Protein chains: 2
Amino acid sequence: MAEQKPRRSLADSRAVHDQVYDSIRQALITGKIAPGVGVSLRSLAAELGVSPMPVRDAVRRLVAERALAINPANKRLSVPSLSAERLEQLELARQWIEPELAARAAPRADEALVRKLKAIDQDLEEALRVGDVDRYMVANHAFHFAIYERAGAEVLLAMAGGLWLQIGPFMRVVFGRVGTGSLPADRHAEAMDALKTRDAEGARRAIAADLSEGMDKMRAAVEAGAGLTVAPAGQTVITVL
Amino acid sequence: MAEQKPRRSLADSRAVHDQVYDSIRQALITGKIAPGVGVSLRSLAAELGVSPMPVRDAVRRLVAERALAINPANKRLSVPSLSAERLEQLELARQWIEPELAARAAPRADEALVRKLKAIDQDLEEALRVGDVDRYMVANHAFHFAIYERAGAEVLLAMAGGLWLQIGPFMRVVFGRVGTGSLPADRHAEAMDALKTRDAEGARRAIAADLSEGMDKMRAAVEAGAGLTVAPAGQTVITVL
DNA sequence: AGGCTTGCATTGTGATCGCAATTATCGACT
DNA sequence: AGTCGATAATTGCGATCACAATGCAAGCCT
């Protein structure tokens, strides 16, 4: 404790609640917060070293994006569990929106984007070799959204972001169990080739295939009974803000 | 003023921020808040007779759902304007998700649902005759979502709700200009027929056609230059909470 | 000794206060 | 009289306090 309180003088960078939001969001996407575990505003606030207020704001956003769920009786919030129905709908939505974004990004791709993707993909492969699931999750997210952002479709991009936010925790759990050996990375090469040649339909197919492979694994895991409240002694471990 | 403050004793019905959310949401869907006009937390709070705090919470949700926008420089919030790009993406998303929901609802339709739809549709026709745009907006929303809720697809339903929230203000503006004479209601009969016979593809087509007609009007209006900041002396006029 | 109740700690929610920044309004100066 | 600058008001953000409700656990009673 005994954190210095510099009165947060200048309205410098970004609002605190935004930083808190990003922290929790990143923790969810990379699966640092396990599904099913309950979190409290004050505990999160204490962990991040801020007052409960900006945490409240961030949590409101995340609840609105369905990345966090709030028990209507308890009012206590937790990471929602992923039922088979939810997974089916999320897969359907992803299969529609993400290939569409890739197809829209293809004509707008350039050398810099491909280089950036190449770098991310190499980091991803490295993570796979080492077996670093966290790093794989981050890199995979970065790869997909580096493409999607290029589509210049703000509304669709936001929808895709919301979908990732909802399945993120489970991707982590599933991939953490399956092991990093069988994770899909091969389709990324196809996607990069398609982008390089500005082949919209090729990019669409590559992303669709990439999604299918990943979601197949998740569906298998959920059907195997991983749907409910995994992660026993889940320490929250939010990244430091 | 001099509002009584009964200390909000019992944790009775729902939280205040939820009621505030519904008020603003309803105002947006029915177009009571015009796009482009700036609103402030404290003014909204004063109008609703609550403290700025629950309004903040409600606004956070709405911003997360992109029903409200917040100027990154000013930090001042307003109803986002609808650009041609935004409209195109919203239309695409609606055209994908809403027929899908209708198709899923069809096999689960029953007599009670059809009766309910019939009642809503009669109210809608009545509103058309009288020329009550507000009432038409409410009835139209009720009609569509009475169907969509039947699909039992929570994730997709939430996405559809978010989309309506984003175009709501503009539907109101556009339909308010076009007049209620040429509003699409005929497709509703097709939809009800399809639901009555549990014809999934028929329901899908009917909703798709209904959307097309409505969106055509909006696109025409936006291209005609209604995209930016309509409603001059827009009084906010939130429904009473 | 077991089931139930009472007490305390924790939680979410709302209100109020303080602060920095932006906006609006009005006065002064050329 | 028109434009610029300074003061006052408003705004969003964050912190702290207050309160009702819930969760948890120890203690009591039979």
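All figures in this text were calculated on a predicted structure; none of them were measured in a lab. Proteins come first, then strands; the chains are lettered A, B, ... in the order of their sequence lines, and each starts at number 1.
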Would you kindly give the [atom1]-to-[atom2] distance between [X] and [N], to the nearest whole Å?
X: B:L41; N: D:dG14; atom1: CG; atom2: P; answer: 12 Å
X: A:L48; N: D:dG14; atom1: CG; atom2: P; answer: 13 Å
X: B:H17; N: C:dG12; atom1: NE2; atom2: C1'; answer: 8 Å
X: B:N71; N: D:dC13; atom1: CG; atom2: P; answer: 12 Å
X: B:L77; N: C:dT23; atom1: CG; atom2: P; answer: 14 Å
X: A:M53; N: C:dT16; atom1: CE; atom2: P; answer: 13 Å
X: A:R76; N: D:dG23; atom1: CZ; atom2: C1'; answer: 6 Å
X: B:R14; N: C:dT13; atom1: CZ; atom2: P; answer: 13 Å

Exercise. Do B:R56 side-chain and D:dG14 base share a donor-acceptor contact under 3.5 Å?
Worked result: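 Checked by distance alone, the answer is yes.
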Exercise. Is a donor-acceptor contact shorter than 3.5 angstrom present between the side chain of B:R42 and the base of D:dG12?
Worked result: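 Looking at the base of D:dG12, it does pair with a donor or acceptor on the side chain of B:R42 (distance under 3.5 Å).
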Problem set entry | Ionic contact status for B:D22 with B:R25, cut-off 4.0 Å | no
Exercise. Does the pair B:E88/A:R104 count as a salt bridge with the N-to-O cut at 4.0 Å?
Worked result: yes
Exercise. Hey, is the side chain of A:R60 poking within less than 4.0 Å of OP1 or OP2 on C:dT13, counting only N and O atoms?
Worked result: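 A:R60 to C:dT13 OP1/OP2: side-chain N or O found under 4.0 Å.
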Exercise. OP1 or OP2 of D:dG14 sitting under 4.0 Å from any side-chain N/O of A:S51?
Worked result: no
For this session: Could you check which of D:dA15, D:dC13, C:dG12 has an atom nearest any side-chain atom of A:K75?
Result: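 Closest of the options to the side chain of A:K75: C:dG12.
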For this session: Run through A:R86, A:R66, A:Q166 and flag the one making a side chain to side chain contact (heavy atoms under 4.5 Å, CB included) with A:P80.
Result: A:R86
Exercise. Should B:K116 and B:D110 count as side-chain neighbours, where that means a heavy-atom distance under 4.5 Å?
Worked result: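 They are not in side-chain contact.
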